[in-house]
Student: 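Can you read through this structure? Questions will come right after.
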Number of protein chains: 2
Amino acid sequence: MATSPSAVNLLPKQTKPSYHHGDLRRALLDATVQLIEEQGLEAVSVREVARRTGVSPGAPFRHFQNRTALLSAVAEVAQERLVQAVGESLRDDEKADPLQKFRAIGIGFLRWAFANPTHFQVISARLEIEFDSPTLRDRNDELRATMNQLLSQATATGLLRPGDLSRYVLGGRALAYGLARMHIDGQFPSWGIESANSLNESIAVFDQFIASISA
Amino acid sequence: MATSPSAVNLLPKQTKPSYHHGDLRRALLDATVQLIEEQGLEAVSVREVARRTGVSPGAPFRHFQNRTALLSAVAEVAQERLVQAVGESLRDDEKADPLQKFRAIGIGFLRWAFANPTHFQVISARLEIEFDSPTLRDRNDELRATMNQLLSQATATGLLRPGDLSRYVLGGRALAYGLARMHIDGQFPSWGIESANSLNESIAVFDQFIASISA
DNA sequence: ACCTGAACACCGTTCAAGT
DNA sequence: ACCTGAACACCGTTCAAGT
């Protein structure tokens with residue numbers, strides 16, 4: 001109750017919270033996300049984040065080793081949500097056949113990336129810089145294993161066109177990743193696709209890929 | 001002859017060229033590329049580029065409006081080379097069938113991107129920031145038109161699986177783009193693929209895509 | 001016409017000193 | 001234990017002054 005922002009009954013003169021016991025780390029992450037949403041990734045400076053959070057320029061360095069670590073932490077949170085969204089998309093199609101489940105992973109990825117372009121951009125930027133954290137690697141391994149299994153099952157039930165399974169997996173992943181990147185890079189307009197339609201079009205492209213690799 | 005760097009017969013004491021008539025613009029571009037190759041995109045500062053070129057901190061601004069414009073100019077050169085490489089790849093397969101030509105475009109793209117990761121990264125970074133130059137848009141339109149034609153012909157000659165042509169085109173492009181991005185992002189190792197093998201594997205994935213969309 | 005070099009307003013990061 | 005605020009070495013960019 002004491003940490004709740006709505007608990008303003010005592011000491012109303014304390015306008016700026018001192019964060020001396022509050023959750024500065026979380027506040028910094030929130031401010032960073034908001035700053036990215038307002039001004040883009042490039043505009044993120046540790047000083048500006050500190051300013052928005054009402055602390056001194058040096059304060060963030062008690063919680064994050066450097067600017068990269070701050071952005072990396074934002075990416076970590078974002079990736080957690082992405083993985084969760086993909087997982088939910090998979091669970092929504094629980095009764096579907098293996099190939100439809102494989103599709104659900106890709107569609108879940110696309111839906112989330114298009115709905116959260118800022119977060120996807122941070123994830124993507126992290127990949128560009130950081131040489132994989134162990135948690136990230138584990139999650140990748142897990143998801144890849146799931147996709148491989150699904151395609152094995154699809155093969156067993158005669159749903160899949162013959163071919164190298166892990167190359168279908170990598171292909172699906174690269175396709176979804178490429179579409180999402182093209183979106184955040186603003187490439188769709190120059191491909192004759194209005195922004196409003198880019199998710200639908202991307203899903204259609206992915207669906208045609210799924211149809212192509214069907215038996 | 002006066003502008004040739006090998007014409008060092010007169011005035012050997014003039015160790016640092018003054019660039020007062022030389023091609024400072026080109027020298028700055030070269031220094032930028034070299035800096036990116038040595039230290040990465042993030043390390044590019046206008047001041048460091050100026051330092052390496054032997055000019056004052058303000059000099060580059062006579063040739064480029066700002067840091068972004070400098071990087072953008074590097075990207076422009078890079079993109080020219082990419083387009084040229086793709087064109088050559090296409091011409092190498094002049095006698096091939098339409099679908100093989102379509103394949104040649106994708107493979108040419110992949111080969112170039114993997115052989116020139118630095119340049120590809122700059123191109124990709126530019127897309128992230130700049131809202132398409134007219135030249136870029138034209139080149140995109142042209143290439144897309146070519147790919148569409150090829151798939152039309154492939155359909156006419158019964159080589160292509162039924163489906164939406166422009167979605168195959170977009171799919172092929174997104175797939176190649178995604179694979180190239182995964183490479184420069186260093187994602188292949190965490191996909192169980194050694195860096196040395198990532199081009200071959202990417203080509204194999206793309207080839208399996210081509211096979212999938214074959215009739 | 002093209003470059004210098006000082007100047008300004010910023011940054012990331014560190015670290016003693018405060019609470 | 002956690003934050004402040006001064007300090008340092010950078011940056012991007014501008015602009016008078018030099019050649």
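First the proteins, then the strands, lettered A, B, ... as listed; each starts at 1.
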Student: Tell me, please, which residues at least two apart from A:R139 pass side-chain hydrogen bond (donor to acceptor under 3.5 Å, both in side chains).
Tutor: A:E80
Student: Can you list every salt bridge (Lys or Arg N to Asp or Glu O under 4.0 Å) pair that touches residues 81-92 of chain A, not counting sequence neighbours?
Tutor: none
Student: For DNA chain C, which ranges pair as stems of 3 or more consecutive Watson-Crick or G-U pairs, with both donor-acceptor distances under 3.5 Å?
Tutor: C:4-8 with D:12-16, C:12-16 with D:4-8
Student: Can you name the residues that form a salt bridge (Lys or Arg N to Asp or Glu O under 4.0 Å) with B:D141, not counting sequence neighbours?
Tutor: B:R144
Student: Does OP1 or OP2 of D:dC2 have a side-chain N or O of A:H63 closer than 4.0 Å?
Tutor: no
Student: Can you check the A:F61 CZ to D:dC2 P distance for me, whole Å?
Tutor: 17 Å
Student: Atom CG of A:L70 to atom P of C:dG12: distance rounded to whole Å?
Tutor: 10 Å
Student: In the 5'-to-3' direction, what one-character label does each nucleotide of nucleotides 5-10 of chain C receive under the scheme B = base within less than 4.0 Å of a protein heavy atom, S = sugar-phosphate only, - = no such atom?
Tutor: B-B---
Student: Just to verify, what does A:F109 make a ring-ring contact (aromatic ring centres under 6.0 Å, His included) with, not counting sequence neighbours?
Tutor: A:F120
Student: If the condition is salt bridge (Lys or Arg N to Asp or Glu O under 4.0 Å), which residues does B:E94 pass it with, not counting sequence neighbours?
Tutor: B:K101
Student: Using side-chain hydrogen bond (donor to acceptor under 3.5 Å, both in side chains) as the criterion, list what pairs up with A:R103, not counting sequence neighbours.
Tutor: A:D207
Student: How would you list, by chain and number, every residue that makes a side-chain hydrogen bond (donor to acceptor under 3.5 Å, both in side chains) with A:Q208, sequence neighbours excluded?
Tutor: none
Student: Counting only heavy atoms and a strict 4.0 angstrom limit, can you tell me which residues of residues 28-42 of chain B come near DNA chain C?
Tutor: none
Student: If the condition is side-chain hydrogen bond (donor to acceptor under 3.5 Å, both in side chains), which residues does A:R47 pass it with, not counting sequence neighbours?
Tutor: none
Student: In whole angstrom, give the distance that lies between atom CZ of A:R62 and atom P of C:dT14.
Tutor: 11 Å
Student: If you take all heavy atoms of A:H183 and A:F114, which pair is closest and at what distance?
Tutor: CG-CE2, 3.3 Å
Student: Atom CD1 of A:I213 and atom OH of A:Y168: how far apart are they, to the nearest 0.5 Å?
Tutor: 6.5 Å
Student: In whole Å, what is the span from the CG atom of B:L24 to the P atom of C:dT4?
Tutor: 8 Å
Student: Tell me, which pairs form a side chain to side chain donor-acceptor pair (under 3.5 Å) where one or both residues lie in residues 33-46 of chain B, sequence neighbours left out?
Tutor: B:Q34-B:E38, B:E38-B:R52
